[in-house]
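Naming convention: chains lettered A, B, ... in sequence-line order (proteins, then strands); numbering from 1 in each chain.
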There are 2 protein chains.
Amino acid sequence: MAAESKSRARRGVEKSEILDAAFHLFAALGEAAFSIRKVAAVIGVDPMTVLHHFGSKDELLRAIADHGLRSVEMPAATQDWRGDLKAVGKAYRTLAHHHPRVFPLHFRYNATGPADHISSEIVYRALRNAGLSDESAAGLGLAFYSFVLGFALAEAEGLLRPIGPAQETELNALDPETYRATRELIPALQTLDPNAAFDDSMDVFTAGVAALAKFGPSTVSSADCEAKCA
Amino acid sequence: MAAESKSRARRGVEKSEILDAAFHLFAALGEAAFSIRKVAAVIGVDPMTVLHHFGSKDELLRAIADHGLRSVEMPAATQDWRGDLKAVGKAYRTLAHHHPRVFPLHFRYNATGPADHISSEIVYRALRNAGLSDESAAGLGLAFYSFVLGFALAEAEGLLRPIGPAQETELNALDPETYRATRELIPALQTLDPNAAFDDSMDVFTAGVAALAKFGPSTVSSADCEAKCA
DNA sequence: CTCTTGACTTCTACACCGTAGAACTTACAC
DNA sequence: GTGTAAGTTCTACGGTGTAGAAGTCAAGAG
């Protein structure tokens with residue numbers, strides 16, 4: 001159409017259209033094979049047009065990371081702080097599952113989009129509801145964040161799958177004495193369920209937070225807690 | 001020297017010498033500015049020589065990641081499972097602190113060098129000493145691993161520093177109602193100590209593991225544990 | 001209407017990249 | 001000597017990000 005070609009010429013392609021194409025291309029190809037020129041080819045435009053809208057490839061990658069983060073909907077805070085923490089973790093995990101190639105970008109560009117503030121607000125609120133002090137809530141909130149991102153990143157990179165025959169033989173080649181625990185855990189590692197592992201670790205974390213809130217930092221670090229609990 | 005030039009010509013530079021130069025160059029420049037050609041220039045050799053020894057740039061990066069992992073000495077397992085877990089965490093954190101640019105490579109190339117097996121053996125052994133079942137130890141071991149790597153990675157990327165004036169004004173611009181917890185934690189975030197945050201989270205994790213080992217998975221996830229502990 | 005302006009696109013060009021393939025050099029076995 | 005094999009270097013190709021100039025076109029001013 002003349003109108004479309006005119007429009008195309010006038011203000012070119014929408015910036016959001018470029019970002020969309022770039023995001024999907026990145027998600028499909030991965031970082032190594034991703035390039036500005038390929039994005040431009042997909043939407044039928046000069047590479048410099050893409051660059052003009054984002055300033056540099058680095059800024060484009062940052063925008064891609066932000067775009068991914070914006071696509072996940074964060075849960076609303078409730079009164080159940082344990083459930084809230086799990087919900088935040090689940091949100092990041094589904095993000096990692098949906099776009100595993102894009103996910104690592106969130107670490108490189110310490111993405112602080114709106115979605116990020118929402119999720120951290122939920123985490124902070126949950127930890128305070130659990131009864132932690134401000135200092136503990138701040139530090140443990142960031143630690144929790146690191147854990148969730150680290151777990152999701154590990155899943156995205158394929159590090160948390162049940163081990164296959166290749167790894168089994170590799171582990172079996174280890175010295176049975178020095179690597180006794182590892183070798184005895186091979187059956188458990190073969191039937192590993194990432195979801196169960198995540199749920200377990202969330203339970204562990206929340207139980208630990210509850211203990212910290214109740215007994216304070218000095219007791220929770222030692223074995224005294226167990227004595228108290230007995 | 002004639003002898004040296006002959007030796008250089010005969011079997012060229014040692015592979016380890018190339019790897020050393022590559023590692024330090026990568027640690028200094030970061031991935032974006034790192035290139036095979038620069039490595040070759042540093043040691044005065046043709047770029048193709050570097051490539052010949054490692055096959056591809058990807059293999060070279062993998063070797064760099066392995067080299068970094070090998071440089072950290074893992075602690076020996078003791079009877080104190082809590083201390084062992086902390087020691088493993090500390091080892092990875094110091095690795096991240098020493099070579100922050102190299103550290104992210106450990107995630108991309110799910111590095112399974114000898115040091116990796118040693119550390120996971122320590123983790124598995126510790127969790128079993130804590131009294132966990134094989135299934136729990138396997139899942140939580142990997143989760144612990146993800147946490148430690150995620151925390152160290154966050155530190156390496158500079159995400160865990162106390163917030164500065166720029167971030168403070170950014171947080172203060174948030175809606176005071178929806179981001180109440182975040183805004184009230186600003187003072188705590190300004191004086192954040194990564195070491196304390198890590199220690200706290202380790203205490204939380206070990207306390208949670210102890211509770212899981214004592215009460216089982218069904219109770220630890222609810223509030224019953226606190227009731228028991230009271 | 002013309003002229004200007006300013007945003008957007010495109011063209012051209014450059015330096016750099018990873019690496020395939022051939023050619024050269026050297027050490028050593030016979 | 002004559003292989004032979006390993007290691008090095010040269011050359012070349014297609015691809016990359018992007019600087020800078022040039023082109024295109026809608027919209028407003030006179």
Side-chain angles (χ1 to χ4, degrees), chain A residues 1-65 101-102 105 108-109, chain B residues 1-65 101-102 105 108-109:
Chain A
M1 308 303 182
E4 185 184 322
S5 88
K6 270 172 71 179
S7 163
R8 159 73 56 90
R10 188 191 51 182
R11 40 148 207 66
V13 84
E14 294 280 353
K15 183 170 177 178
S16 66
E17 186 183 343
I18 300 179
L19 180 53
D20 234 57
F23 181 86
H24 289 301
L25 205 60
F26 193 103
L29 301 181
E31 174 156 20
F34 175 84
S35 76
I36 286 184
R37 294 170 120 106
K38 287 178 184 171
V39 175
V42 163
I43 53 184
V45 114
D46 190 272
M48 290 310 288
T49 298
V50 176
L51 207 57
H52 173 261
H53 280 283
F54 291 90
S56 71
K57 185 182 186 181
D58 209 60
E59 290 298 323
L60 176 57
L61 294 186
R62 190 183 300 272
I64 289 175
R101 332 287 285 257
V102 179
L105 293 181
R108 172 149 12 132
Y109 309 103
Chain B
M1 308 300 187
E4 184 184 324
S5 87
K6 270 171 73 177
S7 162
R8 160 72 56 93
R10 187 193 52 180
R11 40 150 206 65
V13 82
E14 294 281 352
K15 183 171 178 177
S16 67
E17 186 183 343
I18 299 179
L19 180 54
D20 234 56
F23 181 87
H24 289 301
L25 205 60
F26 193 103
L29 301 182
E31 173 155 23
F34 175 84
S35 77
I36 287 183
R37 293 171 119 106
K38 287 178 185 171
V39 175
V42 163
I43 53 184
V45 114
D46 190 272
M48 291 308 290
T49 298
V50 176
L51 206 58
H52 174 260
H53 280 284
F54 291 90
S56 71
K57 185 183 185 181
D58 209 61
E59 289 299 321
L60 176 58
L61 294 186
R62 191 183 299 274
I64 289 176
R101 330 288 284 258
V102 179
L105 294 180
R108 173 150 10 134
Y109 310 103

> Given atom CD1 of A:I18 and atom C1' of C:dC8, what is their separation to the nearest angstrom?
Replying inline: 11 Å
> Tell me the salt bridge (charged side-chain N to carboxylate O under 4.0 Å, His left out) pairs involving residues 31-41 of chain A, sequence neighbours left out?
Replying inline: A:E31-A:R108
>> Determine whether B:L60 and B:F34 satisfy the following criterion, side-chain contact (heavy atoms from CB on, under 4.5 Å), listing intermediate values before the conclusion.
In response: CA-CA 11 Å; B:L60 176 58; B:F34 175 84; 4.0 Å; yes
> For A:D46, what residues pass the side-chain hydrogen bond (donor to acceptor under 3.5 Å, both in side chains) criterion, not counting sequence neighbours?
Replying inline: none
>> Please report the distance, rounded to the nearest Å, between NE2 in B:H52 and C1' in C:dC24.
In response: 14 Å
> CD1/A:I64 to NE2/A:H24 distance, rounded to the nearest 0.5 angstrom?
Replying inline: 10.5 Å
> Going 5' to 3' along nucleotides 15-21 of chain C, which nucleotides have protein heavy atoms under 4.0 Å from the base (write B), which only from the sugar-phosphate (write S), and which from neither (write -)?
Replying inline: --BBBBB
> Which residue pairs pass the salt bridge (charged side-chain N to carboxylate O under 4.0 Å, His left out) test with at least one member in residues 19-30 of chain B, sequence neighbours excluded?
Replying inline: none
> Between B:D58 and B:Y109, is any pair of side-chain heavy atoms under 4.5 Å apart?
Replying inline: yes
> At how many degrees, to 10°, do the end axes of the helix from C:dC1-D:dG30 to C:dC30-D:dG1 meet when each uses five pairs?
Replying inline: 20°
> Between B:I43 (CD1) and D:dT9 (C1'), how many Å, whole number?
Replying inline: 14 Å
> Over how many whole Å does the gap from A:L60 atom CG to D:dT18 atom P extend?
Replying inline: 10 Å
> Under 4.0 Å between a side-chain N/O of B:T49 and OP1 or OP2 of D:dT9, yes or no?
Replying inline: yes
> Under a 4.5 Å cut-off applied to non-hydrogen side-chain atoms, are B:F54 and B:I36 in contact?
Replying inline: no
> Who are the ring-ring contact (aromatic ring centres under 6.0 Å, His included) partners of B:F23, not counting sequence neighbours?
Replying inline: B:H67, B:H99
> How many Å lie between CG on B:D46 and P on D:dA12, as a whole number?
Replying inline: 14 Å
